[in-house]
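Structure first, then comments.
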Protein chains: 2
Amino acid sequence: MLTSAARNAAIEDMRRRCKEQGMAFTFQRQVIYEAVLDSRQHPTPENIYEQVRGRIPSISLGTVYKNVKTFLDTGLLKEVSLHHGSLRLEANMTPHHHVVCSGCKAIFDLEETEVAPLELGKTPLPKGFAVSRCSVEIIGLCASCRGIGASKKKTQNNNSSGASK
Amino acid sequence: MLTSAARNAAIEDMRRRCKEQGMAFTFQRQVIYEAVLDSRQHPTPENIYEQVRGRIPSISLGTVYKNVKTFLDTGLLKEVSLHHGSLRLEANMTPHHHVVCSGCKAIFDLEETEVAPLELGKTPLPKGFAVSRCSVEIIGLCASCRGIGASKKKTQNNNSSGASK
DNA sequence: CTAACTGCAAAGTGTTTGCACTCTT
DNA sequence: AAGAGTGCAAACACTTTGCAGTTAG
């Protein structure tokens, strides 16, 4: 939960960033941003749309998408998973961890034993939550994405299933 | 990488499972499964399709999807991320971890301090990989998904952005 | 006043489904 | 032979794009 002060600070910060980047501070943008801020569950664009419609009935889903994208580029919002958009599969059924490149979305495996085991002893889980497994994601940039310039390059995973066969 | 023996064992295991569940062991299935097995990068259905076409030019993308789904249900394959399908957003830009329910896809946040810090000292990362952050995902079933029967219920995240506002 | 933003609708991807034909068992 | 699986195409869901009208600065 966000304190009222922290919430206001976040909104103020957003207004400032809009100014800085020469983007208009519209009511729609404020309400969309607040919707994510206030959301306990990490919302989908559709969720945001539904919530925002409560305050701006005329808003369109397209506007939500456009602004969400703008916010992601600006660093005002973050996406929870780097792997939405398309299903990624694996045949390795033994528990293991992943190293993922935020540039090209490549995923490298790590044996479970290669990462020090997690200590969940003092971790406050939601009431009634039954843990089945823990997975660690080490996020960063792979060698080649660093090479081509560590920018937001969309080198996009050319993953032709690698050196398979 | 998979040793030839392990690969054969996996394929044999797959054949056995097909028998067990009364599903036909078709050439398409074998080749699709092998494509994932051989893939270093975690492939998308499209990646699999491309690779399989090398051996079965007449295969259709629909067949790949159908069989991938079957394999997921059977436990022969696993999906890397629980959050493909739709973008999930957050405004919390400070590093933190997630508790995710594999039933309803709900995501709960954990402060970074609530999980014991990771030790990456002896972790062998891919050459040249620059870590930017680590995120822990604690996967399991939330109280309500356990309640309704801990099966593969598709209660689907009704996430109306929670008690916001 | 001008550039940027909004709403709407049409176009794109990624994925699922229905159906006739074919193949495993 | 019978049921399951395949290929094809149409249908869907999620996201992006183009455009004319509107608004912030």
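Every value quoted in this text rests on a predicted model; they were computed, and no experiment measured them. Every chain is numbered from 1 and lettered A, B, ... according to where its sequence line falls, protein lines coming before strand lines.
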> Considering heavy-atom distances to DNA chain C, does B:Pro45 or A:Asn67 have its closest nucleotide positioned more toward the 5' end?
Replying inline: A:Asn67
>> At under 4.0 Å between heavy atoms, how does the protein contact nucleotides 18-25 of chain C? Give one character per nucleotide, 5' to 3', with B, S or -.
In response: BB----SS
>> Starting from B:Leu76, can I reach B:Val31 by hopping between I/L/V/M/F/W/Y residues whose side chains sit under 4.5 Å apart?
In response: yes
> Hey, is the main chain of A:Gly128 close enough, under 3.5 Å, to the side chain of B:Arg146 for a donor-acceptor pair?
Replying inline: yes
>> Please tell me whether B:His42 and A:His83 form a close aromatic pair, meaning their ring centres lie under 6.0 Å apart.
In response: no
> Taking five pairs at each end, how big is the angle between the two axes of the helix from C:dC1-D:dG25 to C:dT25-D:dA1, to 10°?
Replying inline: 40°
> Over how many whole Å does the gap from B:Asn47 atom CG to C:dT13 atom P extend?
Replying inline: 16 Å
> CD/B:Gln51 to CD/B:Glu34 distance, rounded to the nearest 0.5 angstrom?
Replying inline: 9.5 Å
>> Quick one, B:His97 with B:Glu137, criterion side-chain hydrogen bond (donor to acceptor under 3.5 Å, both in side chains). Give me CA distance, side-chain angles, the key distance, then yes/no.
In response: CA-CA 6 Å; B:His97 303 302; B:Glu137 245 185 16; over 6 Å; no
> Rounded to whole angstrom units, what separation is found between the CZ atom of A:Arg53 and the P atom of C:dC8?
Replying inline: 11 Å
> What integer distance in Å separates A:Tyr65:OH from C:dG7:P?
Replying inline: 16 Å
> Does a nitrogen or oxygen in the side chain of A:Ser60 sit under 4.0 Å from OP1 or OP2 of C:dT6?
Replying inline: no
> A:Gln30 side chain to A:Phe27 main-chain N or O, any donor-acceptor pair under 3.5 Å?
Replying inline: no
>> Could you tell me how far apart A:His84 (NE2) and C:dT13 (P) are, to the nearest whole angstrom?
In response: 15 Å
> Once you round it to whole Å, what is the distance between C1' of C:dG14 and CG of A:Leu89?
Replying inline: 13 Å
> Are A:Arg15 and A:Glu12 ion-paired here, with the side-chain N under 4.0 Å from a carboxylate O?
Replying inline: yes
> Which whole-number value in Å describes the distance from B:Glu50 CD to C:dG14 C1'?
Replying inline: 14 Å
> In whole Å, what is the span from the CD atom of B:Glu79 to the P atom of C:dT15?
Replying inline: 10 Å
> Could you state the CD-C1' distance from A:Gln30 to C:dT6, rounded to the nearest angstrom?
Replying inline: 16 Å
> Is the backbone of B:Leu87 close enough, under 3.5 Å, to the side chain of A:Thr44 for a donor and an acceptor to pair up by distance?
Replying inline: no
> With nearest nucleotides of DNA chain D determined for B:Gly85 and B:Arg29 from heavy-atom distances, which residue corresponds to the more 5′ nucleotide?
Replying inline: B:Arg29
>> When you measure from the side chain of B:Arg17 to the backbone of B:Thr74, do you find a donor-acceptor pair of N or O atoms at a distance under 3.5 Å?
In response: yes
> Quick one: how far along DNA chain D does chain A reach, first to last nucleotide 5' to 3', anything under 4.0 Å to a heavy atom?
Replying inline: D:dC14 to D:dG25
> With distance as the sole test, does A:Asp13 use its side chain to make a donor-acceptor pair with the main-chain N or O of A:Ala9 at under 3.5 Å?
Replying inline: no
>> Using modelled atom types and a 3.5 Å cut-off, is there a donor and acceptor pairing between side-chain atoms of B:Arg133 and backbone atoms of B:Val131?
In response: no
